[in-house]
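What follows is one structure encoded as structure tokens, with my remarks underneath.
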Amino acid sequence: MNILVTGANGQLGNEMRSVSRNSSDKYIFTDVMDIEGVQTTHLDITDIEAVRNIVKDNDIKCIINCAAYTNVDKAESDEAFCRVLNAKAPENLAVVMAEVDGLLVHVSTDYVFGADPYNVPCKEDQKGTPTGVYGKTKLEGEQAIIASGCKYIILRTAWLYSEFGKNFVKTMLNLTAEKPRLNVVFDQVGTPTYAYDLALVIFDILENRKYEGNNGIYHFSNEGVCSWYDFAKMIAEYAHNFGCDIQPCHSDEFLSPVKRPSFSVLDKTKIKETFGVIIPYWTDSLKRCIFNLKGECFSNE
Ligand SMILES: NC(=O)c1ccc[n+]([C@@H]2O[C@H](COP(=O)([O-])OP(=O)(O)OC[C@H]3O[C@@H](n4cnc5c(N)ncnc54)[C@H](OP(=O)(O)O)[C@@H]3O)[C@@H](O)[C@H]2O)c1
């Protein structure tokens, strides 16, 4: 099968490159921007004709959509473009996959929840209650995919980090190395996700053809629950950055254009039961990522 990956130069896209190296399928990696040293085919997913052409020219039977508008704060003042990328573009991919009876694997977010004060893990069929433009447009993207009639697997994930791109882990590695004191919010609770672990699950579902008859929405994060404060403490500990005094604080101490979910833990029962996925505990995955990053001197490109 020929598989097309969008947003291949982002965090998850790069991890898809790593995990699919020895696949029996053919992977084509696309993005809007080139990065040095990796092969990337240009594809802007907001352009449906471009999507149609690349799918036809390469006999694509599956798209993994790793592209998105991911700047949650900026989205509040850039709603129209955010909607194009997070709602219209996934619809483009779904329409084109429907035309060739192909499969769309789409990645969504825990930010589709949040307006209701949950205190139990969120299930797939729970009503979406986004608090901001990012979550709202991601939910619209999911709905457009479902309405398109294509075969789809939507994977909602949360608090994504990896060795690639910008993320909380890399920011905290730098800050806790440089600053004597840091305040981090403890009133937002969720679960970090190592993008490598998510990429492995997507790869397993495709490589072993587990998607057959399993259209639907699934939740995936690492195992466990923590606040951003706990997350920061573990990052500093694993990096041996003991010189920084990290203190818990409230979200309202930081100016932000958007209210983030206070509790967005994802219930992963469905993905475990359907695909036989074994999910690593969040601190074990964090340790692996920091070990891999140490060779890169904690750069934050
Ligand atoms: N990051 C998180 O904490 C998080 C949490 C939950 C869910 N998710 C979801 O997980 C998925 C992957 O996130 P990520 O963190 O890996 O994203 P990312 O690092 O921001 O990567 C997204 C990639 O998409 C590219 N892109 C932007 N516009 C495009 C277009 N028009 N056509 C094709 N590609 C385009 C970006 O290029 P440029 O960089 O040049 O714009 C970037 O390389 C997304 O669906 C996101 O919503 C992320």
Side-chain angles (χ1 to χ4, degrees), residues 1-7 12-13 30 32 43-56 60-70 72 75 78-116 122-158 198 201-202 205-206 209-220 261 264 266-268 270-271 274-275:
M1 174 162 74
N2 294 345
I3 299 172
L4 184 141
V5 180
T6 70
L12 182 61
T30 70
V32 277
L43 178 64
D44 178 347
I45 61 167
T46 65
D47 179 350
I48 191 166
E49 278 314 313
V51 175
R52 228 175 232 127
N53 289 338
I54 201 169
V55 163
K56 189 167 154 249
I60 300 293
K61 283 288 180 278
C62 171
I63 295 178
I64 306 171
N65 184 26
C66 303
Y69 190 113
T70 53
V72 174
D78 196 12
E79 182 161 354
F81 185 57
C82 182
R83 177 161 288 111
V84 169
L85 201 43
N86 286 350
K88 184 66 188 147
E91 183 180 19
N92 292 344
L93 303 177
V95 165
V96 174
M97 280 300 92
E99 287 168 0
V100 299
D101 195 28
L103 169 74
L104 175 60
V105 178
H106 175 73
V107 183
S108 192
T109 172
D110 60 324
Y111 276 51
V112 301
F113 302 116
D116 291 345
C122 302
K123 292 208 168 145
E124 287 81 355
D125 56 1
Q126 198 165 308
K127 187 173 174 289
T129 57
T131 56
V133 169
Y134 170 71
K136 205 169 147 206
T137 57
K138 290 292 287 185
L139 186 60
E140 288 167 10
E142 293 181 4
Q143 290 161 347
I145 291 167
I146 295 166
S148 75
C150 78
K151 291 186 273 184
Y152 68 91
I153 288 187
I154 295 171
L155 293 156
R156 291 192 189 127
T157 192
L198 174 56
V201 168
I202 295 172
I205 291 171
L206 295 180
R209 307 300 191 246
K210 292 181 177 177
Y211 51 81
E212 302 281 6
N214 283 320
N215 259 12
I217 299 179
Y218 298 88
H219 286 173
F220 182 87
S264 59
L266 298 174
D267 187 316
K268 300 174 287 287
K270 185 177 170 190
I271 199 167
T274 308
F275 299 116

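Predicted model only: the values in this text are computed from it and were never measured.
The closest side-chain heavy-atom distance from K56 to V100 is not below 4.5 Å. Between K61 and L103, every side-chain heavy-atom pair lies at or beyond the 4.5 Å cut-off. The side-chain heavy atoms of E142 and I217, taken from C-beta on, include a pair separated by under 4.5 Å. The closest side-chain heavy-atom distance from T137 to L85 is not below 4.5 Å. Counting only heavy atoms from C-beta outward, the side chains of C122 and D110 never approach each other to under 4.5 Å. By the 4.5 Å heavy-atom criterion applied to side chains, Y134 and T109 are counted as neighbours. Here the side chains of R209 and M1 are in contact, with some heavy-atom distance below 4.5 Å. For the pair V201 and I205, the minimum side-chain heavy-atom distance is below 4.5 Å.
In terms of heavy-atom proximity, I153 sits nearest to N214 at CG1-O, 4.0 Å. Residue L266 comes nearest to A158 through the heavy atom pair CD1-CB, 4.2 Å, listed as atom of the first residue, atom of the second, then distance.
Partners of A67 under the side chain to side chain contact (heavy atoms under 4.5 Å, CB included) rule, at least two apart in sequence or in another chain, are T6, I45, N65. Checked against ring-ring contact (aromatic ring centres under 6.0 Å, His included), Y152 has no partners two or more places apart in sequence or in another chain. Partners of A98 under the side chain to side chain contact (heavy atoms under 4.5 Å, CB included) rule, at least two apart in sequence or in another chain, are C150. Scored by the side chain to side chain contact (heavy atoms under 4.5 Å, CB included) test, K136 finds E79, R83, P130, E140 as partners (sequence neighbours excluded). Checked against ring-ring contact (aromatic ring centres under 6.0 Å, His included), F220 has no partners two or more places apart in sequence or in another chain. Take T157 and apply the side-chain hydrogen bond (donor to acceptor under 3.5 Å, both in side chains) test, not counting sequence neighbours, and it matches T193.
One distance of note links CG of L155 with CD of E124; it measures 9.5 Å at 0.5 Å rounding.
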